[in-house]
Amino acid sequence: GAERFARSKRGIALEKGRRRLFAGVDLFTLWLFGAWSLYVVLVYPSVAALAAPFSRVLAEGIRFFILAAPAMFLIYGVRSTLRLGPLGPALKAGALVSLAWIAGSAAFGLALQGLSLSTAKLDLVFWLTTFSVSCLSEEIAFRGTLLRGWLESGRRWAIPVSALCFVFIHVPGWVVRGMFSSPLEWVITAASIFILGLVIGWLYTRYRSIWPGVMLHAANNLAAAVLV
């Protein structure tokens, strides 16, 4: 009787912990989309109007504050979020998938979209922001927090929904900057980001680390920068 009561008590405590975690992830989701949308619509145009290097660095700092800082300091903690333990298999998988992604992106862009290769965007600021900090911030938010929280709460739809959220977070920026001139461009870009989110989600569930996803995310951003 005592053992059964102890198991029941542990089960109740575990369920309460899951509910608190899920509620925290839900609040983070609301913050993520609310704060980011307001920033992109109301603040980003002024940031973008500043001198080029400073504006890009400032924009990445704000991205980190909105997307990554709450997760790292309020939900899981820095060490738990970054998980710098043994990473050999995870990094190998990330490298292989990243190379395959770059090859596929190049083949699709060059052969089917008629794009060309250019290194004009590969300046120092690109490597310090778009290639690194941007990827880390978004992976902390979407895989290290949203996906992780939903998986730990037992949500079977965690990977596709986190991938959809990853698509939707880009929409305000696309609208404000007027990036696309046709519905087809919207569909192609959204579909590619959704697929990217699914693959990174699978990598996270396989290795329980954000770092393979950071590598693939960086590879995608690199491909997008050189294919014009």
Side-chain angles (χ1 to χ4, degrees), residues 23-78 81-82 120-150 161-183 185-194 196-197 200 210 213-214 216-218 220-228:
V25 173
D26 278 349
L27 289 174
F28 176 73
T29 306
L30 293 175
W31 157 262
L32 185 66
F33 283 93
W36 183 255
S37 297
L38 289 174
Y39 160 68
V40 171
V41 174
L42 301 178
V43 180
Y44 175 76
S46 298
V47 173
L50 299 174
F54 176 74
S55 67
R56 291 164 66 185
V57 172
L58 177 60
E60 288 306 321
I62 296 173
R63 184 196 302 268
F64 182 85
F65 173 77
I66 294 175
L67 272 61
M72 292 180 67
F73 299 112
L74 299 179
I75 299 180
Y76 284 113
V78 176
T81 299
L82 298 181
K121 296 181 181 179
L122 303 186
D123 57 8
L124 178 61
V125 178
F126 167 83
W127 296 109
L128 295 177
T129 58
T130 306
F131 185 77
S132 54
V133 176
S134 174
C135 301
L136 179 61
S137 298
E138 293 183 5
E139 289 311 311
I140 288 173
F142 289 96
R143 261 60 65 171
T145 305
L146 295 189
L147 178 58
R148 177 182 176 180
W150 289 334
V161 172
S162 66
L164 280 175
C165 289
F166 188 47
V167 174
F168 291 147
I169 202 70
H170 290 84
V171 172
W174 296 343
V175 173
V176 168
R177 292 186 287 177
M179 291 183 60
F180 307 123
S181 58
S182 70
E185 290 181 317
W186 278 85
V187 172
I188 291 175
T189 305
S192 66
I193 292 178
F194 180 69
L196 178 66
I200 297 178
I210 65 169
V214 171
L216 178 53
H217 199 149
N220 178 75
N221 287 0
L222 177 61
V226 300
L227 292 169
V228 296

Verify, without hydrogens or angle tests, whether [X] (side chain) and [Y] (backbone) share a donor-acceptor contact under 3.5 angstrom.
| X | Y | result |
| --- | --- | --- |
| Thr145 | Ile140 | yes |
| Ser192 | Thr189 | yes |
| Asn221 | Phe131 | no |

Exercise. Looking at SG of Cys165 and CZ of Phe194, how far apart are the two atoms once the value is rounded to the nearest 0.5 Å?
Worked result: 10.5 Å

For this session: Measure the spacing between CD1 of Ile200 and OG of Ser162 and express it to the nearest 0.5 Å.
Result: 9.5 Å

Heavy atoms only: give me the nearest [X]-[Y] pair and the separation to one decimal.
| X | Y | result |
| --- | --- | --- |
| Thr81 | Ala71 | OG1-O, 4.1 Å |
| Val214 | Cys135 | O-CB, 4.1 Å |
| Leu32 | Ala141 | CD1-CB, 4.2 Å |
| Leu67 | Ser137 | CB-O, 3.9 Å |
| Ile210 | Leu136 | CD1-CD1, 3.9 Å |
| Gly149 | Val25 | CA-CG2, 3.7 Å |

Exercise. Is the closest basic N to carboxylate O distance between Glu138 and Arg63 below 4.0 Å?
Worked result: yes

Suppose we screen for ring-ring contact (aromatic ring centres under 6.0 Å, His included). Which residues come up paired with [X], at least two apart in sequence or across chains?
| X | result |
| --- | --- |
| Phe142 | Phe166 |
| Phe28 | none |
| Phe180 | Trp174, Trp186 |

Exercise. What residues, two or more places apart in sequence or in another chain, satisfy salt bridge (Lys or Arg N to Asp or Glu O under 4.0 Å) together with Arg56?
Worked result: Asp123

For this session: Just do the side-chain contact (heavy atoms from CB on, under 4.5 Å) check on Val133 and Trp127 with the steps written out, would you?
Result: CA-CA 9 Å; Val133 176; Trp127 296 109; over 6 Å; no

Exercise. Which residues pass the side-chain hydrogen bond (donor to acceptor under 3.5 Å, both in side chains) test with Asn220, sequence neighbours left out?
Worked result: Trp101

Problem set entry | Derivation and outcome, side-chain contact (heavy atoms from CB on, under 4.5 Å), residues Val57 and Leu128 | CA-CA 8 Å; Val57 172; Leu128 295 177; over 6 Å; no

Exercise. Taking the six-membered ring for Trp, are Trp31 and Phe65 parallel (under 30°), tilted (30 to 60°) or perpendicular (over 60°)?
Worked result: perpendicular

Exercise. Given the rule in the side-chain contact (heavy atoms from CB on, under 4.5 Å) test, do Val226 and Lys121 qualify, once you have shown the distances and angles that lead to the verdict?
Worked result: CA-CA 7 Å; Val226 300; Lys121 296 181 181 179; over 6 Å; no

For this session: Determine, stepwise, if the pair Leu147 / Val161 fulfils side-chain contact (heavy atoms from CB on, under 4.5 Å).
Result: CA-CA 8 Å; Leu147 178 58; Val161 172; over 6 Å; no

For this session: Could you name each residue pair satisfying salt bridge (Lys or Arg N to Asp or Glu O under 4.0 Å) that touches residues 128-137, not counting sequence neighbours?
Result: none

For this session: May I ask you to check whether Glu185 and Ser181 show a side-chain donor-acceptor distance below 3.5 Å?
Result: yes

